[in-house]
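Nothing here was measured: the structure is a model prediction, and the numbers come from that model. Reminder, nothing fancy here: chain letters follow the sequence lines and each chain counts from 1.
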Protein chains: 2
Amino acid sequence: MVLKHLVYLAALARERHFGRAAAACHVSQATLSEAIRRLEAELGVPLVERGHRYRGLTPEGERALTWAHGILADADGMRADLTAMREGVGGSLRLGAIPTSLPVVSRLTAPLRERHPAVRLAIRSLSSREIERDLHEGALDAGLTYLENEPLRGVRRQPLYDERYLLVAPRASRWAAGASVRWRDAADAALCLLSRDMQNRRIVDALFARAGATPEPAVETNSISTLHAQVRDAGLCAVMADTWLHGFGVPAGMVALPLVEPAAAQAVGLVWRDRDPEPPLVRALIATAREALAPATA
Amino acid sequence: MVLKHLVYLAALARERHFGRAAAACHVSQATLSEAIRRLEAELGVPLVERGHRYRGLTPEGERALTWAHGILADADGMRADLTAMREGVGGSLRLGAIPTSLPVVSRLTAPLRERHPAVRLAIRSLSSREIERDLHEGALDAGLTYLENEPLRGVRRQPLYDERYLLVAPRASRWAAGASVRWRDAADAALCLLSRDMQNRRIVDALFARAGATPEPAVETNSISTLHAQVRDAGLCAVMADTWLHGFGVPAGMVALPLVEPAAAQAVGLVWRDRDPEPPLVRALIATAREALAPATA
DNA sequence: ACTAGTCGATCGGCTTTTCCGATCGAAGGT
DNA sequence: ACCTTCGATCGGAAAAGCCGATCGACTAGT
């Protein structure tokens, strides 16, 4: 079996198109087509739904793809590992992070780059689900995401901090009177919340629900910067993670009050693929994380 | 990179000889030599200590070998998985087992073969350390070994039963008087024990030590059948695992008495390589083990 | 010290695999 | 009915893989 053919299979699954997949692999469409055919012959199973158009992988193809992702990740890991032994940790680390963790990422990457100046970083803001998926597809080396709210499979983890929630409200509003706000009360505010496809929102909804309330947001968005802007410029209230406020400050004219009853916290941490051995860059990141950003740095 | 080259590397590390490794791979020595050279060129690191004789792998080579074992195991797993999807679980399952667990193996393999008649089994009696090593070298699919006494790394586990220890003594001896024997007292008997390279012996030694005693065995052996024979024919006492006695019975004219103070037990279970996805045969074995031989079947 | 034998590297040539450009044929949209 | 898109296929060129033979260096035995 040829490793390259697995690359072609992965590309085909990703691009869902023979021509584009071939282009992405810098080969002709004929080459890719034949490689898939060979792979099918060798494994003795059809991998793609045959027809005059790409219609997805067969169940066997999907299964093969899972294996292929693992094998390719290992092959890359081996290369990176040996390179690291020769000339120190280098190359490119692809890190996915949930939006609320973005302000924290630099606290992680700064010491990493200090130790290993040759490392190049690619940081992508992704949802927790995208992080999990891309980790398994080998499109990501590590992620910064929620550890507990929704199950994570096939990954190892290093807790880093707890995310807590605050209500950001206009200084003039009635919410600004006390030192904290109850979730139940916050539900009545004119809210700007993240959209429901984001786990942060699902967490917040669950907390509202635990307080017996159902928020009816005036504005929904899938971007935290939008959230921030809405609060600052439109005078709405928002539920924000403390990390975000630490990183970017409380908008002028607004106050941030801890949300209580329940005063819940979500564990956030580093995750990476559950494979041995670990690629050198990932190992370096974990070591850095453990030392530079031990838990209780919230 | 070509998967075949990794096979050659693994063979070379195993055989420690270019010619033999080549023969094991059914290629000429020239082919294998060149393949290693290519691999080194591609990875940019020397993998074997160069000289006019094989002198082992370089540190980079050892590292590469670890990755190679993983990648090759995955490639095999993929093939087996797809074959299983097509024509059911089949192929050959290589199972390693510590000697005291051998009587139990059949209770595991019988239901497995009943469900999957096409499966062929290769059962090897190995020490717990060999099991761990071969598992990682891809020379074994699963193992039956001690789970707790000495650390196991990079494996998943399914506890199956607890191993308990009995003193087998001549019916006429003073030990046969009571219903049990204390470790401290047993240390005074004329003993036949396993040799110190076996974990079972290390466990037994530790239990003697906990009772403040140091056994001075009259006979040491690395084979449990020898142990059994010595007890039966030479009239010595022996510390045996209950599984062995259940499997082969108490030698005629002897009695088996539980060893107490402490009445310790060692957990024994199934282990397999910590990788996702699991090969179909391994999965089938685990499922069978969980159902057919749940814990507390001692 | 010499010799025979072993071991791994290397060379030249052969075979197989891989890759590409071009073309084909089916399906879908207009 | 016509045109476009998509993937399969073909034939030839390039590359890689493999082998037998040979070389050079070390080793063990005399």
Side-chain angles (χ1 to χ4, degrees), chain A residues 1-62 64-65 68 71-72 75 78-79, chain B residues 1-62 64-65 68 71-72 75 78-79:
Chain A
M1 183 178 352
V2 185
L3 228 38
K4 214 176 295 184
H5 293 179
L6 299 182
V7 175
Y8 298 161
L9 176 65
L12 179 59
R14 178 162 31 88
E15 303 285 347
R16 307 184 56 79
H17 187 289
F18 278 73
R20 281 199 302 276
C25 298
H26 307 108
V27 296
S28 72
Q29 173 261 321
T31 299
L32 189 129
S33 183
E34 199 195 2
I36 299 289
R37 226 175 37 72
R38 279 181 179 281
L39 205 53
E40 290 181 320
E42 181 174 341
L43 297 173
V45 216
L47 298 175
V48 314
E49 298 284 0
R50 292 299 164 149
H52 293 277
R53 174 167 296 264
Y54 179 86
R55 293 191 195 285
L57 299 178
T58 62
E60 290 88 352
E62 293 289 351
L65 182 63
I71 292 170
L72 293 174
M78 171 162 136
R79 272 186 270 267
Chain B
M1 184 177 352
V2 186
L3 229 37
K4 213 178 295 184
H5 293 180
L6 298 183
V7 176
Y8 297 162
L9 176 65
L12 179 60
R14 176 162 31 86
E15 304 285 347
R16 306 183 57 79
H17 187 289
F18 278 74
R20 283 199 301 276
C25 299
H26 309 292
V27 296
S28 74
Q29 174 261 321
T31 298
L32 189 130
S33 184
E34 198 195 1
I36 299 289
R37 227 175 37 72
R38 278 181 181 281
L39 205 52
E40 290 181 322
E42 182 174 342
L43 297 173
V45 219
L47 298 174
V48 313
E49 298 283 359
R50 291 300 163 147
H52 293 275
R53 170 168 296 264
Y54 179 84
R55 293 190 194 286
L57 299 180
T58 62
E60 291 87 353
E62 294 289 352
L65 182 63
I71 292 170
L72 293 174
M78 172 163 133
R79 272 186 270 267

Measure the distance from [atom1] on [X] to [atom2] on [N] and round it to the nearest whole Å.
| X | N | atom1 | atom2 | value |
| --- | --- | --- | --- | --- |
| B/His26 | D/dC19 | NE2 | P | 11 Å |
| B/Tyr8 | C/dG8 | OH | P | 17 Å |
| A/Leu39 | C/dC19 | CG | P | 13 Å |
| B/Glu40 | C/dG8 | CD | C1' | 12 Å |
| B/Glu49 | C/dG8 | CD | C1' | 15 Å |
| B/Leu6 | D/dG17 | CG | C1' | 15 Å |

- Protein proximity profile, nucleotides 2-16 of chain D - base contact B, sugar-phosphate-only contact S, no contact -, cut-off 4.0 Å on heavy atoms: ----SBBB-------

- Message: Measuring from atom CE of B/Met78 to atom CG of A/Leu65, what distance do you get when rounded to the nearest 0.5 angstrom?
- Response: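 If we round to the nearest 0.5 Å, B/Met78:CE and A/Leu65:CG are 9.5 Å apart.
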
For [X], side-chain hydrogen bond (donor to acceptor under 3.5 Å, both in side chains) partners two or more places apart:
| X | result |
| --- | --- |
| A/Glu40 | A/Arg50 |
| B/Glu49 | none |
| A/Ser33 | none |

- Task: Using a cut-off of strictly less than 4.0 Å, decide whether A/Lys4 has a side-chain nitrogen or oxygen near OP1 or OP2 of C/dC19.
- Result: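 The answer is yes; a side-chain N or O of A/Lys4 sits under 4.0 Å from OP1 or OP2.
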
- What pairs meet the salt bridge (charged side-chain N to carboxylate O under 4.0 Å, His left out) rule with one or both residues in residues 22-32 of chain B, with sequence neighbours excluded? none

- Item | Derivation of the salt bridge (charged side-chain N to carboxylate O under 4.0 Å, His left out) call for B/Glu42 and B/Arg38 | CA-CA 6 Å; B/Glu42 182 174 342; B/Arg38 278 181 181 281; over 6 Å; no

- Can you list the stems that include DNA chain D, where a stem is three or more consecutive Watson-Crick or G-U pairs with distances under 3.5 Å?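 The stems are C:1-30 with D:1-30.
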
Can you list, pair by pair, the side-chain donor-acceptor contacts under 3.5 Å of residues 5-25 of chain A, counting residues two or more places apart and other chains?
from	atom 1	to	atom 2	distance (Å)
A/His17	ND1	A/Gly19	N	3.0
A/His17	ND1	A/Arg20	N	3.0
A/Arg20	NH2	A/Glu15	O	2.9

Could you list the donor-acceptor pairs under 3.5 angstrom formed by side chains in residues 53-62 of chain B, with sequence neighbours left out?
from	atom 1	to	atom 2	distance (Å)
B/Thr58	OG1	B/Pro46	O	2.8
B/Thr58	OG1	B/Leu47	O	3.1
B/Thr58	OG1	B/Glu60	N	3.4
B/Thr58	OG1	B/Glu60	OE1	3.4
B/Thr58	OG1	B/Gly61	N	2.9

